[in-house]
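Below is one structure, written out as structure tokens; the observations come after it.
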Amino acid sequence: MEYEILTDTEGNTYKVEVLFTHYDYSLGKNYIVYMIDNDVLAASYEEIDNKYIINNDLTSNEYDMIDKTIERKMGEING
Amino acid sequence: MAKYYFTTDKVSRKFYGINGSNVIIHTVLSDEEIKKELEKVINLPIEGIKEYDGNLEVTLSDNDIVIVSLDAFRGYNDSYENYFLEIKRKIKDYQEYKKIRKLKEKSQGQKVLVNRNRVLPKVLVGTLPLAAALLVLLSANKDSKVEQINYNDKNEDILATAVIDEVNPALLEKIEDSLDIEENKNKDAVMYAGNEATKEEGLNFNTLVEAPKIPEPVEDAKQEKEEVIETSVLFPIEVIDDYERENRIQATDSYCGEIIRYYAKRWGLPAEIIMVQISQERPDIINGVCENVCQLTPPENFVGDYKVPVYDDNGFTGSYDEIHLDRNAVYSLEGNIMAGLIYDRLNVDKQKSIITGLFTYNQGDSMLSNACKYFGLNKDDYLGDDKAAEACELIVSYNDNRGKPKYGDRDYISNVLRYIDFGEDGTYKTTYYIGEEKYEITIANTLIKDYNNTQVR
């Protein structure tokens, strides 16, 4: 399994498995979808000082968008 | 099964064939051999990727193995740069595909939703700098094993590397920015006029557009008559109401016509065709504002450095615009149009045709290659305006066969060219450049006049 370390806005770090990143044009933000212990999680992120700083505080609209993106990506995989 | 090694000596990329097993012999490859193998890596499905000692070992579907040093993905100002950008994108797609597939298998048909309530456990480790984090993202962690996944034909659509996709490539692009590339920076960059936002020192230039040959100086003082290659294409194009057509074009022209004409002419593209293309692409202009006129998807995909050949009334000038587009630029009107036209330029060069190039602007610049591979056809037979109708049809068939009949706009050419005034004889003529050659294309609208597949003249 491949792990990466993400940092949140308070400086806390998390060891995660990144699934994918996604830029949402209508919301104008970058998002990262990752896994911890078989849980699928998501956050928005910004690049600050050459690091990815994640913000786990998403709105329900943002979560809905990410759920749809996951569904679309999984739907694209045949067989 | 052949084996290759692509690496660097920190100054430039090096390419070798690998022979032998107990005794390894590295053979320097010719330019032709290099490009042939790079094309294979781009176009063939990946069977598996292993990572070790700063290298990626990529196994292709024809059992060729290509070992690529991670250093080779840094920006080098050589003629292979665009290949490595494509390969990097393809590897990223492969890794994402692998993860999504694993997730799908684990879910066993259940819908996968983000856990909105999870409290995250914190890890007492230092944060990795961006470059290292991205290298980990690109390749497997050294302490882990990378699984090999075999693809079946149905997975090919995941691997088709359309440049326009929804995965933000910003992560991979940053590898080049964060690693030490001082030796590749060009401090005497030529910037396009008038955009303060993009002025920057020390740019790392990636050659996106294939450089045309610089013509030999002519000893005779007289100007030689410019040779023009005449081509033609027949297309059924549903004309629209004159009022609607003129209204749409006029609105585009008023909003951004000057910018379109300037860059289209400068970069050897037919200005009127680009004008109608953008008229088709752009959203409505509301309260004097139209966002993302070129419908870049997303604009972030076009952040980067470009080198575009410059033309004037006499043809290729021998010089290039060296351009840096940052995030602000691709969201500005002028930068957005520049990015769109740069992508037009790439597609026209790649498909050797303004018509097919327009279509792959919509479908993705690798789609003609992918379609030819899928059907076992020679891509050279589908290059050029004379083959544009067949090339577009082939791409549509490819999408139908892989279960994506609604991929992009299958009627894109018709939808763009419906804004052209074909007149009563149903033809339209324009000129443009590919490399140092000038082309004059005649487009015949077969819904106005039935040409019975005869030569249009």
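By convention in this document, chain letters (A, B, ...) are assigned in the order of the sequence lines, proteins followed by strands, and residues within each chain are numbered from 1. Just so you know, these numbers come straight off a predicted model, no measurement behind them.
- Neither the backbone nor the side chain of A:Asp57 comes within less than 4.5 Å of any heavy atom of chain B.
- By the side-chain hydrogen bond (donor to acceptor under 3.5 Å, both in side chains) test, B:Gln108 pairs with no residue at all, sequence neighbours left out.
- Side-chain atoms of B:Arg116 and A:Asp67, non-hydrogen and from C-beta on, do get closer than 4.5 Å to each other.
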Do B:Leu103 and A:Met35 pass the side chain to side chain contact (heavy atoms under 4.5 Å, CB included) test, and can you show the C-alpha distance, the side-chain angles, and the key distance before you say yes or no?
CA-CA 10 Å; B:Leu103 182 66; A:Met35 288 185 70; 3.9 Å; yes

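- The NZ atom of A:Lys73 sits 13.5 Å away from atom NZ of B:Lys104, with the distance rounded to the nearest 0.5 Å.
- Residue A:Asn38 touches chain B through its side chain alone, counting heavy-atom pairs closer than 4.5 Å.
- The one candidate from A:Asp39, A:Val40, A:Ile36 that meets the side chain to side chain contact (heavy atoms under 4.5 Å, CB included) condition with B:Asn115 is A:Asp39.
- Heavy atoms from other residues, nucleotides or ligands lying under 6.0 Å from CD of B:Glu105 number more than 12.
- Residues satisfying the side-chain hydrogen bond (donor to acceptor under 3.5 Å, both in side chains) test with A:Thr59, not counting sequence neighbours, are A:Glu62.
- For a residue to count as touching a neighbouring chain, one of its non-hydrogen atoms must lie under 4.5 Å from one of that chain's; by this rule A:Ile70 touches chain B with the side chain only.
- Pairing each heavy atom of B:Ser107 with each of A:Met74, the nearest pair is OG-CE, 3.6 Å.
- Without hydrogens or angle criteria, B:Lys99 side chain to A:Val18 main chain gives a donor-acceptor distance under 3.5 Å.
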